> 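Dropping a structure here in structure tokens format, bear with me for questions.
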Amino acid sequence: MNQTYINELKNHIGAEVTLKGWLYNSRSSGKLVFLQLRDGTGIVQCVVFKPANEELFEQAKSLGQESSIIVTGKVKEDTRSSIGVELDVTGLEIIQNASEYPITPKEHGTEFLMDNRHLWIRSKKQHAVLKIRHTVIKATRDFFDENGFILADTPIFTPAACEGTTTLFEVDYFDDDKAYLTQSGQLYNETTAASLGRSYAFGPVFRAEKSKTRRHLTEFWMVEPEMAYAHLDDVMTLGEGLIKFIVERVLADRREELTVLERDVTKLEAILAQGFPRVHYDEAVKILKEGFAKGELENDFEWGGDFGAPDETYISKQFDAPVFVHHFPAVIKAFYFERDKERPELALGADLLAPEGYGEIIGGGERAFDLEFLEKQIEAHNLPKESFEWYLDLRRFGAVPHAGFGMGIERCTAWMCGIEHVRETIPFPRMLYRLKP
RNA sequence: UGGCAGAUAGCUUAAUCGGUAGAGCGCGUAAUUGUUAAUUACGUCGGUUUCGGUUCGAGUCCGAAUCUGUCAGCCA
């Protein structure tokens with residue numbers, strides 16, 4: 001295939017190359033037409049000079065936004081260009097001349113852009129977000145692979161809920177059976193960790209929660225590591241390592257995209273220099289109570305409750321790194337959490353709150369070890385015990401202390417990008433009231 | 001699921017007390033050998049979400065529905 005990509009043009013100065021792509025925008029100035037060509041790797045300005053080839057000039061002038069074209073020309077150094085090079089066009093092949101492309105370089109509303117998501121992803125900003133998402137995922141995979149974790153994906157069709165059925169999507173599964181789309185691979189991860197020692201799952205999960213906020217999707221991607229012979233502290237150490245690895249990688253590989261997004265990178269750089277604070281739930285409550293006393297919070301937080309979005313934001317504002325909050329009251333956590341030996345009312349769980357109001361990006365903890373305790377918990381949470389027999393086998397055959405967590409890819413990506421809403425961090429977001437395109 | 005806000009041209013929007021729906025962008029033509037969301041001139045296209053009510057008269061007031069945004073709960 002005779003094709004050069006725009007991000008390689010610097011290596012071809014003086015040479016004649018063929019670029020294949022789409023017309024991002026065009027301008028003309030008398031005897032000149034400027035074609036902004038994009039090919040997925042970048043955007044380059046292609047210049048057509050009228051006196052050099054009049055027919056070519058007329059063709060270039062006629063092109064609509066997003067027309068698909070193949071351009072041949074000579075690569076020329078030019079300091080006026082943002083990428084340092086331009087193309088002097090000598091040949092143009094029009095694959096399809098598009099007209100009336102709906103997304104113009106001007107401003108549009110959210111609803112319109114979401115309805116045209118299939119086209120919106122061609123825009124510079126969306127392009128940058130998707131590339132950063134790619135890097136977040138690649139860094140995540142590399143981190144676990146390089147630290148002795150084995151990828152062991154868990155099923156998407158599941159026979160029963162791992163935390164009750166109210167927030168599950170139900171689907172028909174042949175004959176009279178029902179299946180549910182998984183909301184977490186966690187219970188299965190515990191089984192693979194018992195086989196492989198350290199394992200992780202990475203895939204889409206589904207939540208039928210009727211949440212309409214900037215942090216929620218009904219379908220999102222989650223990475224879930226699980227470690228045998230591990231405790232709560234190990235979860236926090238692993239989570240901190242993962243986040244720092246991702247931040248480092250994004251800063252190293254996606255500078256250009258962060259610039260397009262006007263991300264304040266000093267905020268990301270700052271977190272690399274320090275350990276993430278680890279705040280006990282009791283202490284977090286104290287911080288919230290002080291916040292209320294100072295008039296900076298509307299509600300007086302009571303010990304025993306779960307944090308709301310304003311609470312999370314307030315806690316994370318006290319630090320300029322992500323913060324772990326640990327030892328939550330057991331009553332607000334799922335049935336499978338291990339308890340604190342000295343204070344059994346506390347669960348050995350830890351959540352990581354991202355800075356700048358991005359909220360919880362990691363949730364995890366140490367899993368219950370004891371068979372009898374788990375059986376009681378399943379009963380207390382009104383869960384059907386027979387569905388969990390296979391899970392309980394883990395406590396019958398070689399039970400070990402083990403721990404793990406889940407990290408949401410979209411929330412992490414939104415934070416890296418510094419964008420408001422997670423809907424832009426996945427090519428086709430699925431949300432309450434939005435299933436198209 | 002609840003609170004709040006909104007729905008006017010392909011897009012972004014304006015319209016005072018209830019009285020002729022207006023602009024910018026886009027698109028077309030022309031000018032410009034250096035434009036970066038190009039500019040300038042001329043031109044073109046066209047619209048009050050739906051249903052019902054009040055009124056001489058409704059984009060505007062009232063009621064309902066639908067859709068969207070946003071905040072909250074829950075969560076990653």
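These numbers come from a predicted model, not from an experiment. First the proteins, then the strands, lettered A, B, ... as listed; each starts at 1.
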> Tell me whether the OP1 or OP2 atom of B:C75 has a side-chain N or O from A:Arg215 closer than 4.0 Å.
no
> Please report the distance separating the C1' of B:C11 from the corresponding atom of B:C45, rounded so that it comes out in whole Å.
13 Å
> Considering every strand and a 4.0 Å limit on heavy-atom distances, what is the contact class for A:Asp351: base, sugar-phosphate, or nothing?
nothing
> Passes salt bridge (charged side-chain N to carboxylate O under 4.0 Å, His left out), A:Asp282 versus A:Lys286? Steps please.
CA-CA 6 Å; A:Asp282 289 346; A:Lys286 208 184 288 172; over 6 Å; no
> Does anything in residues 291-299 of chain A come within less than 4.0 Å of RNA chain B? Heavy atoms only, and list the residues if so.
none
> Which nucleotide, B:G34, B:U33, B:U12, lies nearest any side-chain atom of A:Phe49?
B:U33
> Of the nucleotides B:C75, B:G34, B:A37, which one has an atom closest to the side chain of A:Arg207?
B:C75
> Looking at A:Trp120 versus A:Phe112, is the centre-to-centre ring distance below 6.0 Å?
no
> Choose from B:A37, B:A72, B:G34 the nucleotide whose nearest atom is closest to any side-chain atom of A:Lys212.
B:A72
> Go through the N and O atoms of the side chain of A:His216 and the base of B:C75, and report whether any donor-acceptor pair is under 3.5 Å.
yes
> Taking the side chain of A:Leu32 as heavy atoms from C-beta outward, which of B:U68, B:U33, B:C11 is closest to it?
B:U33
> Please pick, from B:U70, B:U33, B:U12, the nucleotide with the shortest atom-to-atom distance to any side-chain atom of A:Phe112.
B:U12
> If you check the A:Ser211 side chain, which of B:G34, B:G73, B:A37 turns out closest?
B:G73
> Decide yes or no, distance alone: a donor-acceptor N/O pair under 3.5 angstrom between the base of B:C25 and the side-chain of A:Thr104.
no
> So, is A:Lys210 near the phosphate of B:U1, with a side-chain N or O under 4.0 Å from OP1 or OP2?
yes
> For A:Lys289, check side-chain contact (heavy atoms from CB on, under 4.5 Å) against everything at least two apart and list the hits.
A:Val285, A:Asp300, A:Glu302
> Which one, B:C11, B:G34, B:U1, comes nearest to the side chain of A:Tyr433?
B:U1
> Determine the stems involving RNA chain B; a stem requires 3 or more consecutive pairs of the Watson-Crick or G-U wobble kind, each with both distances below 3.5 Å, and the answer is none if no such run exists.
B:1-7 with B:66-72, B:10-13 with B:22-25, B:27-31 with B:39-43, B:49-53 with B:61-65
> Are A:Phe34 and the base of B:G34 stacked, counting only ring centres nearer than 5.5 Å and planes tilted under 30°?
no
> Going from CD1 on A:Ile132 to CZ on A:Arg263, what distance comes out if it is rounded to the nearest 0.5 angstrom?
9.0 Å
> If you check the A:Glu209 side chain, which of B:G34, B:A37, B:C74 turns out closest?
B:C74
> On the nucleotide B:U70, are OP1 or OP2 found under 4.0 Å from the side-chain N or O atoms that A:Arg423 carries?
yes
> Using a cut-off of less than 4.0 Å, is there contact between a side-chain N or O of A:Tyr101 and OP1 or OP2 of B:C25?
no
> Using atom P in both nucleotides, what's the gap between B:C61 and B:U16 to the nearest angstrom?
10 Å
> Taking the cut-offs as 6.0 angstrom to the six-membered ring centre and 45 degrees off its axis, would you call A:Arg38 and A:Tyr24 a cation-pi pair?
no
> Counting side-chain heavy atoms from C-beta on, which of B:U70, B:C11, B:G34 comes nearest to A:His421?
B:U70
> If you take atom types as modelled and just measure distance, does the side chain of A:Arg411 reach the base of B:C75 with a donor-acceptor pair under 3.5 Å?
yes
